[in-house]
Amino acid sequence: MPNDAAEPAAGRHFIRTMIQADLDAGRVRGVVTRFPPEPNGYLHLGHAKSICLNFGVAGEFNGRCHLRFDDTNPTKEEQEFIDAITRDVRWLGFDWGQHLYHASDYFDRLYDWAEHLISAGKAYVDDQTIEQIRESRGTLTEPGRDSPFRGRANAESLDLFRRMRAGEFPNGARVLRARIDMAAGNINLRDPVLYRILHADHPRTGSTWCVYPTYDFAHGQSDAIEGITHSLCTLEFEDHRPLYDWLLDNLPVPARPRQTEFARLNLTHTVLSKRFLTELVKRGTVSGWDDPRMPTLAGVRRRGVPPAALREFVRRVGVARANSVVDFAQYEHAVREQLNRSAPRRMGVLRPLKLVIENYPEGKTELLDAVNHPDDPVAGTRQVPFGRELYVERDDYMDDPPKKFYRLSPGREVRLRYGYLVTCQRAVRDATGALDHLVCTYDPATRGGNAPDGRKVQATLHWVAAATALRAEVRLYDHLFARPDPGAGGDLFADLNPNSLETLADARVEPALAEAHVGEAVQFERQGYFCPDPDSRPGKPVFNRTVGLRDSFAKAKGRGGQAPVA
RNA sequence: UGGGGCGUAGCCAAGUGGUAAGGCAACGGACUUUGACUCCGUCACCGCAGGUUCGAAUCCUGCCGUCCCAGCCA
């Protein structure tokens with residue numbers, strides 16, 4: 001299977017190569033990976049990369065991927081996050097079958113292994129304060145100093161550790177440390193903390209424990225217990241690998257997993273940091289973890305992004321060891337590509353401008369056939385009502401248009417999509433001089449959009465019949481951050497884009513949209529991809545713009561005249 | 001002379017000694033009842049300097065740049 005020469009190069013990366021080599025050399029008999037989130041927040045686009053990598057690679061090699069919650073710190077973890085993560089991984093399209101685990105499932109074994117280490121003289125209980133430990137750890141360029149308790153007898157450490165577990169000491173009073181090397185160049189090897197006292201209830205184990213293992217003491221062993229063959233994580237854990245290996249070398253673990261690191265995903269105009277996203281939610285800067293502007297999976301889902309688009313995006317970005325920042329446009333491209341294929345076409349006018357066809361009979365209405373998808377005949381057609389009074393897009397009219405503007409303007413003939421050719425006769429203004437409506441005439445011989453005499457028009461506009469239009473709220477989103485490299489100036493919050501949300505309260509959409517359901521993407525022709533928001537109410541739909549269509553006119557305009565100040 | 005990584009086009013990224021894939025963006029053009037889509041075309045001497053070799057992005061040496069690590073977070 002992986003021998004297919006036609007396999008897309010984008011699907012080739014060093015991890016896949018490594019696994020194939022391990023299989024070929026007989027180092028592993030099958031592939032078992034895991035996605036190990038800490039339930040202290042919602043999953044974001046960065047996690048999507050890890051999920052697709054771990055589940056993807058396991059699937060390719062007929063292996064399996066576990067979902068394992070890394071729940072070793074009860075002070076930060078919550079059941080809500082466990083539920084959200086479960087939901088999001090499923091939504092992305094992956095299935096862990098029966099292999100749902102928690103690091104907390106292994107607390108008993110981990111505790112026993114800690115005692116094992118103590119008995120073997122490889123760990124000791126340290127009575128120093130957190131400050132003393134920090135102070136004696138040394139710096140990046142200076143070695144650390146031994147703790148005065150480093151030489152403590154194994155029996156004494158064992159007794160103390162048991163009493164730690166029994167709850168005899170308050171938080172922070174003592175810790176269990178590995179006895180490795182306080183002079184190691186790698187700071188993670190300077191007697192790292194293995195267990196700490198935390199009098200806190202755990203979402204799963206309740207009040208059973210008051211000592212909890214650190215990440216380092218839990219992760220590798222959990223991998224070993226589950227028979228993980230390839231433990232894939234991000235680059236910042238590279239320095240932990242010697243410790244990961246040291247623990248596995250010194251414990252009677254049932255298997256020997258290997259850790260391999262890859263670069264995490266970064267995106268322009270975006271921050272993928274749980275710490276920061278949590279802050280946005282807490283401060284109320286966004287409406288919640290699923291605010292459509294959030295780069296969380298819950299956010300992009302609500303925004304209307306299909307999971308297939310995310311999978312394809314991640315596949316194209318690739319996997320490597322070089323830190324990189326992917327252009328947000330690449331993400332948008334993947335979203336558009338997927339939606340273009342799947343989203344039915346509809347018409348919706350975001351900023352309505354009334355248009356009256358003066359030679360169209362009063363009171364007459366007719367139903368016009370419209371295709372649901374130009375590239376997919378199977379999608380069928382629908383009927384859209386047409387009448388004397390319509391709404392067109394405000395941006396599609398100009399009194400005094402520049403050269404390249406070929407939409408409506410006095411004397412200009414355009415096509416109304418699926419409808420007729422209409423000619424703008426005049427613009428009518430109200431008492432204040434503001435544009436009120438357009439008066440046009442239509443050519444009855446052009447029903448459907450083509451002129452019998454073969455004359456051409458330069459523009460085709462979307463529209464909605466005034467009498468039957470549905471009022472809708474439309475929410476337009478822009479980058480959460482105004483600059484491509486948020487935080488580069490030192491303050492992330494200062495870089496937030498004040499215009500990331502624009503609400504259009506009085507949009508008009510075609511009646512067929514009354515039946516649109518949350519999560520079902522549609523394209524508003526010439527505008528972009530939209531999907532109904534959960535805030536929708538009967539008779540009062542709310543649409544999120546997932547992403548706009550490419551707009552070469554707007555681009556050319558920006559290039560020529562006064563380009564918008566970035 | 002702390003330890004560990006990484007440097008291929010504006011942005012991702014293949015390539016593992018035989019003469020630089022692909023994608024995004026950009027720019028031209030074709031098509032068009034979405035200024036969309038689609039299609040065609042243009043766009044790299046591989047961080048720098050030496051060296052080895054018939055031949056180097058790939059091997060060696062030195063240099064430069066950049067990222068991560070001093071939580072009882074993960």
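What you are looking at is a predicted structure, and each value in this text was computed from that prediction instead of being measured. So you know, we letter chains A, B, ... as the sequences are listed, proteins then strands, and number each from 1.
Taking every side-chain heavy atom of A:Lys555 into account, B:rC27 is the closest of B:rC27, B:rA74, B:rU34. Considering only side-chain atoms of A:Arg550, the nucleotide from B:rA14, B:rA74, B:rA26 that sits closest is B:rA26. Picking from B:rC67, B:rA14, B:rC24 the nucleotide with the shortest atom distance to the side chain of A:Asn323 gives B:rC67. When distances run from any side-chain atom of A:Asp239 to the nucleotides B:rG3, B:rC73, B:rC24, the shortest one goes to B:rG3. Nearest nucleotide to the side chain of A:Arg196, out of B:rA25, B:rA74, B:rG2: B:rA74. Taking the side chain of A:Asn186 as heavy atoms from C-beta on, and the options B:rG35, B:rG3, B:rC11, the nearest nucleotide is B:rG3. Among B:rC73, B:rA13, B:rC6, the nucleotide with an atom closest to any side-chain atom of A:Ala320 is B:rA13. The side chain of A:Ile187 lies closest to B:rA70 when the candidates are B:rU34, B:rA70, B:rA14. Out of B:rG5, B:rC24, B:rG35, the shortest distance to the side chain of A:Tyr406 is found at B:rG35.
Contact check, A:Thr72 against B:rA74: a side-chain N or O comes under 4.0 Å of OP1 or OP2. In this structure, A:Arg316 does not reach the B:rC12 phosphate: none of its side-chain N or O atoms is under 4.0 Å from OP1 or OP2. Distances shown here put every side-chain N or O of A:Arg12 at or beyond 4.0 Å from the OP1 or OP2 atom of B:rA14. Close to B:rA36, at under 4.0 Å from its OP1 or OP2, lies a side-chain N or O of A:Ser552. Considering only side-chain N and O atoms, A:His462 lies nowhere under 4.0 angstrom from the phosphate OP1 or OP2 of B:rU34.
When the C1' atom is used for both B:rC54 and B:rU38, the distance is 48 Å, rounded to whole Å. Look at the P atom in both B:rC40 and B:rC24: the space between them is 12 Å, to the nearest Å. On the C1' atoms, B:rC43 is 15 Å away from B:rU8, given to the nearest whole Å. Only the C1' atoms considered, B:rG55 is 13 Å distant from B:rC59, to the nearest whole Å. Spacing of C1' atoms, B:rU58 relative to B:rG7, comes out at 14 Å, to the nearest Å. Distance noted for atom C1' between B:rA44 and B:rC31: 31 Å (whole Å). B:rC39 sits 31 Å from B:rC46 when the C1' atoms are compared, rounded to a whole Å. For the P atoms, the distance linking B:rC27 with B:rA13 amounts to 24 Å, nearest Å.
Nucleic acid contact for A:Arg190: none, since no nucleic acid atom lies under 4.0 Å from a heavy atom of the residue. Note on A:His219: nothing from the nucleic acid sits closer than 4.0 angstrom, heavy atoms only. Here A:Val325 lies in heavy-atom contact (under 4.0 Å) with sugar-phosphate atoms only. Using a 4.0 Å heavy-atom criterion, one finds that A:Tyr195 contacts no nucleic acid atom at all. Note on A:Asn450: a base of the nucleic acid sits closer than 4.0 angstrom, heavy atoms only. Residue A:Thr129 is in base contact, counting any heavy-atom pair closer than 4.0 Å across all strands shown. The residue A:Lys404 sits close to a base: some heavy atom pair falls under 4.0 Å. Backbone-only contact: A:Arg321 has heavy atoms under 4.0 Å from sugar-phosphate atoms and none from a base. Looking at heavy-atom distances under 4.0 Å, A:Pro374 makes contact with a base. At the heavy-atom level, A:Val193 lies under 4.0 Å from the strands shown only through sugar-phosphate atoms. If you check every strand for non-hydrogen atoms under 4.0 Å, A:Phe405 touches a base. Using a 4.0 Å heavy-atom criterion, one finds that A:Phe237 contacts the bases of the nucleic acid, with or without backbone contacts as well.
Ring stacking holds between A:Phe553 and B:rG35, with the centres under 5.5 Å apart and the planes within 30 degrees of each other.
Counting to the nearest Å, the C1' atom of B:rC67 and the CG atom of A:Leu140 are 14 Å from each other. If you take CZ of A:Phe14 and P of B:rG15, they are 11 Å apart, rounded to a whole angstrom. Across the protein-nucleic acid pair, A:Glu261 atom CD and B:rC69 atom P stand 14 Å apart, rounded to whole Å. Here the P atom of nucleotide B:rG15 and the NE2 atom of A:His13 are 11 Å apart, to the nearest Å. Going from atom CG of A:Asn188 over to atom P of B:rG2 covers 18 Å, rounded to whole Å. The distance from atom CD of A:Glu142 to atom P of B:rU1 is 14 Å, rounded to the nearest whole Å. Residue A:Asp375 contributes atom CG, which lies 15 Å from atom P of B:rU32 at whole-angstrom precision. Separating the CD atom of A:Glu337 from the C1' atom of B:rU38 is a distance of 12 Å, rounded to the nearest angstrom.
In this pair, A:Phe107 and A:His202 present their aromatic rings perpendicular. The plane angle is above 60°, beyond the 30 to 60° band. Relative ring orientation between A:His479 and A:His269 is described as parallel, the plane-to-plane angle staying below 30° on a 0-90° scale split at 30° and 60°. Ring geometry for A:Phe161 against A:Tyr195 counts as perpendicular: the plane angle is over 60°, on a 0 to 90° scale with 30° as the lower cut.
The pair A:Glu38-A:Lys274 fails the salt-bridge criterion, with no side-chain N (NZ, NE, NH1 or NH2) lying under 4.0 Å from an Asp/Glu carboxylate O. A:Arg382 and A:Glu510 are joined by a salt bridge, as a carboxylate oxygen and a charged side-chain nitrogen come within less than 4.0 angstrom of each other. Under 4.0 Å is where a charged nitrogen must lie from a carboxylate oxygen, and between A:Arg258 and A:Asp22 no such pair does. Ionic pairing of A:Glu413 and A:Arg455 is present here: one or more N-O contacts between side-chain nitrogen and carboxylate oxygen are shorter than 4.0 angstrom.
Across every strand in view, B:rC31 sits unpaired, with no contact that passes the Watson-Crick or G-U test at under 3.5 angstrom. The pairing partner recorded for B:rA26 is B:rU42, the criterion being a Watson-Crick or G-U wobble arrangement whose two distances lie under 3.5 angstrom. Nucleotide B:rC59 forms a Watson-Crick or G-U wobble pair with B:rG51, both donor-acceptor distances falling under 3.5 Å. Searching all strands for a Watson-Crick or G-U wobble partner of B:rG2 with both distances below 3.5 Å returns B:rC69.
Each of A:Gly185 and A:Asp396 was assigned the nucleotide of RNA chain B with the nearest heavy atom; the assignment lying further toward the 5' end belongs to A:Gly185. In this structure, A:Asn340 and A:Thr17 both approach RNA chain B, and ranking their closest nucleotides by distance from the 5' end singles out A:Thr17.
Of all the residues in residues 130-139 of chain A, A:Ile130, A:Ile133, A:Arg134, A:Arg137, A:Gly138, A:Thr139 reach under 4.0 Å from RNA chain B with at least one non-hydrogen atom.
Ring to ring, A:Phe217 and A:Trp113 are not that close: their centroids are 6.0 angstrom or more apart.
Under a 3.5 Å cut-off, the side chain of A:Lys555 and the backbone N or O of A:Arg550 do not form any donor-acceptor pair.
For the pair A:Arg34 and A:Tyr101, the NZ or CZ position fails the cation-pi test of under 6.0 Å to the six-membered ring centre and within 45 degrees of the ring normal.
In plain terms, the two heavy atoms of A:Leu353 and A:Arg394 that are nearest each other are CB-CA, 4.0 Å.
Residues A:Trp209 and A:Ser104 fail the side-chain proximity criterion, which asks for heavy atoms closer than 4.5 Å.
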